[in-house]
Amino acid sequence: MNDHFHFQQDRLFVENVALDDIAQRFGTPCYVYSRAALIDGYRQFAEAFKGRDHLICYAVKANSNIAILNQFARLGAGFDIVSGGELQRVLAAGGTADKVVFSGVGKSEAEMRQALEAGILCFNVESPSELDRLNEVAGSMGKIAPISLRVNPDVDAKTHPYISTGLKQNKFGVAYTEAFDLYRKAAAMPHLRITGMDCHIGSQLTETSPFIAAAEKVLALVDRLAASGIVLEHLDLGGGLGICYDDETPPSIAAYAQALLGALSGRTEKLIVEPGRVLVGNAGVLLTRVEYLKHGEEKNFAIVDAAMNDLMRPALYDAYHDIVSVTRKPSPASGRGGEREVQSLIFEVVGPICETGDFLGHARQLGVAAGDVLAVMSAGAYGMSMSSNYNTRPRAAEVMVDGTVAHLIRERETVRQLYAAEKIVA
Ligand code: LLP
């Protein structure tokens, strides 16, 4: 629960709209975001870095709905993208290419062309072969590509191994020990212009020390390069700041910013950061309705209408998301009427998909009945953006609440849309 999601008497509200009303109106499963929470998070970043030349490049992969991208663009954000598709979304949402940085280990030639055509701020190059390819592509277009190298600082982010990216064994970036020589090589390439250095060590970090350790290694390299005549304009320190899902105590945005600014004190390079999760994670919930309660021999199951295809994080990372009933008493809307007591039990909260891994939460104490609406909390980041159509399940609707108004920002998919591009062979 936070300022934007709160109980008023017995109903859970997002801003000034009750979540059970949203479920009624738009159906379930349904992602719901608070516009005020998005604005609030962004402003905290802007405030914390005020007075220093900086650019906040929202990591599009965390949640790429164009209404969300548009909101951040209007606040002045840049964007961190990892595909040509994300670039197209940013532009469709009203973002500008000159504030876009392009990360990712596998940029295709077509994506490079698209980004050069659009005129992005910087390519975060992740390998020697990518450097060669970008130089060629830019040359063939008569353009100069602005680049930084994504340096892998070999720092332990102390997070889940699947979302840790800054260790030697990870596929990301160029090895710290090879970066200096690669910069020298890049400096001699005619169709590239070196503008910065980049690093990103992982996601859902709950301490500042790994960020600082990475920044220090990056800065040592920046100084070595300067001494050899390669002077950088910007430092991109990536994203990765964690949020509270359960009982984590990540640093606040202000504390994180203070730590980075401390490490950069006395330096004039423009600072770029690429936050994703921290800007959207706790700004969204996934609403789901209980279809059935099933009392097995060993466990009680609350079978809900959202599944691993809607929110993959529990299945993929064994991630924890709090799950709460949006009404504390039985609601008339659930068809049960009256004040009948609901017994509180320990439930496995599971979806309809045919996989044992299809769960949203293990061993949750809930007082629920069939028909009740549950909110899966902290689902704004890497929820909808990682969803799929497994089991031919149309993807959820998305709603953005602004004060007392709920806007549909993505219609629920239809099954027809799912097979529209498929062809039967004669
Ligand atoms: N920049 C780069 C280059 C990244 O790879 C990422 C995330 C970010 C920025 C944003 O990181 P954030 O601020 O959101 O931590 N699907 C996983 C998270 C994967 C993160 C991948 N990279 C999850 O659901 O936890």
Side-chain angles (χ1 to χ4, degrees), residues 31 38 41-42 44-45 55-64 68 72 77-83 86 100-107 121-127 130 148-153 157-167 170-174 196-208 210-211 214 218 235-246 248 250-251 253 256-257 260 272-284 286 308 310-321 360 376 378-388:
Y31 277 98
L38 300 172
Y42 185 84
Q44 285 183 47
F45 263 93
L55 182 64
I56 300 159
C57 288
Y58 167 64
V60 173
K61 64 167 80 72
N63 189 318
S64 53
I68 287 177
F72 288 135
F79 297 93
D80 166 53
I81 60 163
V82 289
S83 71
E86 287 190 349
V100 167
V101 297
F102 192 172
S103 308
V105 294
K107 300 176 196 78
L121 176 63
C122 192
F123 289 86
N124 291 337
V125 173
E126 305 216 16
S127 66
E130 183 187 339
S148 61
L149 292 187
R150 174 168 175 181
V151 175
N152 185 335
K158 299 181 199 146
T159 183
H160 191 288
Y162 285 13
I163 53 177
S164 179
T165 52
L167 286 173
N170 298 135
K171 69 177 176 181
F172 299 97
V174 301
M197 190 179 294
D198 169 46
C199 83
H200 170 80
I201 55 173
S203 197
Q204 182 56 12
L205 273 71
T206 53
E207 293 171 34
T208 47
F211 290 115
V218 163
L235 294 174
D236 180 342
L237 295 180
L241 180 57
I243 61 170
C244 176
Y245 286 98
D246 184 8
E248 305 90 335
I253 290 171
Y256 158 81
L260 292 192
I272 297 179
V273 283
E274 304 170 352
R277 186 188 320 264
V278 71
L279 286 177
V280 291
N282 276 322
L286 171 62
M308 64 190 282
D310 300 299
L311 180 65
M312 199 179 178
R313 303 192 70 258
L316 192 57
Y317 314 114
D318 207 11
Y320 178 92
H321 286 262
L360 297 177
V376 183
S378 312
Y382 306 107
M384 187 64 178
S385 63
M386 290 174 73
S387 65
S388 78

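Remember, it's 1-based here, ligands and their atoms both numbered in the order they're listed.
A distance-only check finds a donor-acceptor pair linking the side chain of Tyr31 to the backbone of Asp310 [under 3.5 Å]. Of the possible polar contacts, one joining the Gln204 side chain to the Ile243 backbone as a donor-acceptor pair under 3.5 Å is found. Not one N or O on the side chain of Asp80 forms a donor-acceptor pair closer than 3.5 Å with the backbone of Cys57. One N or O on the side chain of Tyr58 and one on the backbone of Asn63 form a donor-acceptor pair closer than 3.5 Å.
Here His200 has side-chain heavy atoms under 4.0 Å from ligand 1, and that is the only part of it that gets that close. Both the backbone and the side chain of Arg277 come within 4.0 Å of ligand 1, judged by heavy-atom distances. Heavy atoms of Tyr317 found under 4.0 angstrom from ligand 1 belong exclusively to the side chain.
A donor-acceptor contact under 3.5 angstrom links the side chains of Ser148 and Asn124, judged on distance only.
Every heavy atom of Gly238 sits 4.0 Å or more from the atoms of ligand 1. Not a single heavy atom of Met312 sits closer than 4.0 Å to an atom of ligand 1. Ligand 1 lies out of reach of Ala62, whose nearest heavy atom is not under 4.0 Å from it. Using a non-hydrogen distance threshold of 4.0 Å, Val278 does not register as a contact of ligand 1.
Ligand 1 places these atoms under 4.0 Å from at least one heavy atom of Met386: 16 (N), 24 (O). Residue Ala59 approaches ligand 1 through these ligand atoms, each under 4.0 Å from one of its heavy atoms: 8 (C), 9 (C), 10 (C). Close approach of ligand 1 to Gly239 (heavy-atom distance below 4.0 Å) involves ligand atoms 9 (C), 13 (O). Heavy-atom contacts of Arg150 reach the following atoms of ligand 1: 3 (C) (cutoff under 4.0 Å). Proximity to Lys61 (heavy-atom distance under 4.0 Å) selects the following atoms of ligand 1: 2 (C), 4 (C), 5 (O), 6 (C), 7 (C), 8 (C), 21 (C), 22 (N). Close contacts of ligand 1 with Pro275, meaning ligand atoms under 4.0 Å from a residue heavy atom, involve 13 (O). Of all atoms in ligand 1, numbered sequentially from 1 with element shown, those under 4.0 Å from a heavy atom of Gly240 are 11 (O), 12 (P), 13 (O), 15 (O). Distances below 4.0 Å separate heavy atoms of Glu274 from the following atoms of ligand 1: 1 (N), 2 (C), 3 (C), 8 (C), 9 (C), 10 (C), 13 (O).
Looking at Leu286, Leu311, Asp246, Leu360 one by one, the single match for side-chain contact (heavy atoms from CB on, under 4.5 Å) with His321 turns out to be Leu311. When Ile56, Val60, Leu38 are each tested for a side-chain contact (heavy atoms from CB on, under 4.5 Å) with Phe72, only one passes: Leu38.
Here's the thing with Gly276: one of its N/O atoms is less than 3.5 angstrom from an N/O atom of ligand 1. The shortest N or O to N or O distance between Tyr382 and ligand 1 is below 3.5 Å.
Between Glu130 and Lys107 there is a salt bridge, with a side-chain nitrogen of the basic residue lying less than 4.0 Å from a carboxylate oxygen of the acidic one.
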Can you list the steps and then say if Val273 with Tyr256 is a side-chain contact (heavy atoms from CB on, under 4.5 Å)? CA-CA 11 Å; Val273 283; Tyr256 158 81; 3.8 Å; yes
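The CZ atom of Phe102 sits 13.5 Å away from atom CG of Leu121, with the distance rounded to the nearest 0.5 Å.
Heavy atoms only, all atoms of each residue included: Val280 and Ala62 are closest at CG2-CB, 3.9 Å.
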